[in-house]
There are 2 protein chains.
Amino acid sequence: MQQESARRSNRDRTEATRADLVAAARKLFTEKSYAETGTPEIVTAAGVTRGALYHHFADKQALFAAVVEQEAQAVAQEIDRASPPSLEARDALIAGSDAYLAAMRVPGRTRLLLLDGPAVLGRAAMDAIDDRHGNRSLREGLVAAMRANRMTRLPAEALTALLASAFDRAALAIEAGASAEDYRAVLMALIDGLSPGRPQAPGPARTR
Amino acid sequence: MQQESARRSNRDRTEATRADLVAAARKLFTEKSYAETGTPEIVTAAGVTRGALYHHFADKQALFAAVVEQEAQAVAQEIDRASPPSLEARDALIAGSDAYLAAMRVPGRTRLLLLDGPAVLGRAAMDAIDDRHGNRSLREGLVAAMRANRMTRLPAEALTALLASAFDRAALAIEAGASAEDYRAVLMALIDGLSPGRPQAPGPARTR
DNA sequence: ATTAACATACAGGCTGCATGTATGCAACAG
DNA sequence: CTGTTGCATACATGCAGCCTGTATGTTAAT
């Protein structure tokens, strides 16, 4: 138990305050929405004042960006852990898909990353964040599959973006209460449809 | 040219004022964003006061919902005009796809319908709006294709949502300056991948 | 005369900034 | 090596402007 009001180096103070602010903001931004969360509430939860917030972040949006970045990284980490490079191309894609859907079940993550994120930061900024984290592995997996002739050759950029958006939408639907099996089945069908050799997967395909 | 301050029935006044407000809000919400547009600015552009706005709409969000509804209907109308029921299943899907991408090129529509809409109204409310307008025809087209055995049987709800989200993302990317041909090619590949009989489309498939 | 359609005025809250203060830190003097 | 001096960093507090939603007043329709 270290002394609370002991002397701390400036570096430590900055790091701690920033971490407290991001943690408090993350909690509130996932419980409520970006618009419904005010900076007074955030700083109270973090145990600092608004002066500290505006000293470390340019504005409320910059704090939000820091939260999104951290959360996107957490999701990417869970995916990477679930799909090691030892797996074969298609298996890695499937494992990564399931890991993504599982990661997005953390409450509030879909709103943070899929609703508020694009609206507040813009699609371009969100693309940059995604490319730094989650989308990178997806894209590498797709390129690898295409190189191995396991998949129809298509523009990698576009294919990555469109598949990623389908995953995003699946995560939103599942959180809203839709059938996870249905959405998973469609996602797999979309992926398998891109394999030239395999006409269709023999999985359970009900029309409901 | 009718007299401006002539007597108007209450019904006409309401209709005209609501239309003016929605039109002014549409213009500003597409030029800027929902958050950056204030109600004072909207009512000034519409030539009324804030009292009129809050008389006709519960709050700023309700006015936004009206704008989104109108814009979604306009998009759906353009799609329906481009894909008459006379076309065969797959041709209708392709024609509708191109019409959608063309309709979404109207400046500001992507932000209104794809970024601010879901964030402000929530994904559930946006789903309801989409189902009333655009997604209905897409879903009917997909079900028709599946019934005719031109497409792998999959849960219609999920398939519609995921394909629609891919289209949305393509519209966003194209507006951001990405290659429309690339995204169109991937969309077509995704659709054709769902047809059991057709292993792959012979179109131009570069990897870039 | 009653109600609908507004206009005006007001209260509360929030964001961003500007100013004030205390603490860490680096260099130099002794 | 130590104490002091000067500056930068890390905050806290107070203020100005704006915005949203509501309550009240006024005019026109029915």
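Residue numbers start from 1 in every chain, and the chains themselves are labelled A, B, ... in the order their sequence lines are given, proteins ahead of strands. Quick note: numbers below take in every heavy atom, side chains included, and nothing from hydrogens, waters or symmetry partners.
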Measure from CG on A:L53 to P on C:dC17 and round the result to the nearest Å. 12 Å
Rounding to a whole Å, what distance do you find between B:Y54:OH and C:dA7:C1'? 15 Å
Run the side-chain contact (heavy atoms from CB on, under 4.5 Å) test on A:D192 and A:R90 for me, step by step, so that the C-alpha distance in whole Å, both residues' side-chain angles and the decisive distance to 0.1 Å come before the verdict. CA-CA 9 Å; A:D192 285 334; A:R90 185 171 172 280; 2.6 Å; yes
For the pair made of NZ in A:K60 and C1' in C:dT15, what is the distance, rounded to whole Å? 9 Å
To the nearest angstrom, the CD-P distance between B:E36 and C:dG16 comes to 12 Å
How far apart are the C-alpha atoms of B:I42 and B:K27, what are their side-chain angles, what is the distance that settles it, and do they pass the side-chain contact (heavy atoms from CB on, under 4.5 Å) test? CA-CA 9 Å; B:I42 296 174; B:K27 178 173 156 60; over 6 Å; no
Run the side-chain donor-acceptor check on residues 167-174 of chain B: report pairs under 3.5 Å with partners two or more places apart or on a different chain.
unit_1	atom_1	unit_2	atom_2	d
B:D168	OD1	B:Y100	OH	2.4
B:R169	NH2	A:D127	OD1	3.1

Can you tell me which residue among A:Q70, A:E31, A:E71 is in a side-chain hydrogen bond (donor to acceptor under 3.5 Å, both in side chains) with A:R26? A:E71
Heavy-atom closest contact (B:E78 atom, B:A99 atom, distance): O-CB, 4.0 Å
A:I129 to A:A72 - nearest heavy-atom pair and separation: CG2-CB, 3.8 Å
Correct closest heavy-atom pair for B:P118 and A:L115 would be CB-CD2, 3.7 Å
For B:R150, does its backbone N or O pair with a side-chain atom of B:S195 as donor and acceptor, under 3.5 Å? yes
Report yes or no: do B:R50 and B:T39 form a side-chain donor-acceptor pair below 3.5 Å? yes
How close or far is atom P of C:dA5 from atom CD of B:E15, stated in whole angstroms? 12 Å
Output one line per pair: protein atom, nucleotide atom from nucleotides 9-12 of chain D, and distance, for all N/O pairs under 3.5 Å.
unit_1	atom_1	unit_2	atom_2	d
D:dA10	OP1	A:T14	OG1	2.3
D:dA10	OP2	A:H55	NE2	3.2
D:dA10	O3'	A:R13	NH2	3.4
D:dC11	OP1	A:T17	OG1	3.2
D:dC11	OP2	A:T17	OG1	3.0
D:dC11	OP2	A:H56	NE2	2.8
D:dA12	OP2	A:T49	N	2.9
D:dA12	OP2	A:T49	OG1	2.3
D:dA12	O5'	A:T49	OG1	3.2

Could you tell me the separation between the CG atom of A:D12 and the P atom of C:dT23, rounded to a whole number of Å? 17 Å
d(CD1, B:I42; C1', D:dC19) in whole Å: 12 Å
Report the distance from atom CD of A:E41 to atom C1' of C:dT15, rounded to the nearest whole Å. 15 Å
Does B:T39 place a side-chain N or O at less than 4.0 Å from the phosphate oxygens OP1/OP2 of D:dC19? no
If you find the nucleotide of DNA chain D closest to B:T37 and the one closest to B:S9, which residue's nucleotide is nearer the 5' end? B:T37
Find the runs of at least 3 consecutive base pairs, i with j, i+1 with j-1 and so on, that include DNA chain C, using Watson-Crick or G-U wobble geometry with both distances under 3.5 Å. C:1-30 with D:1-30
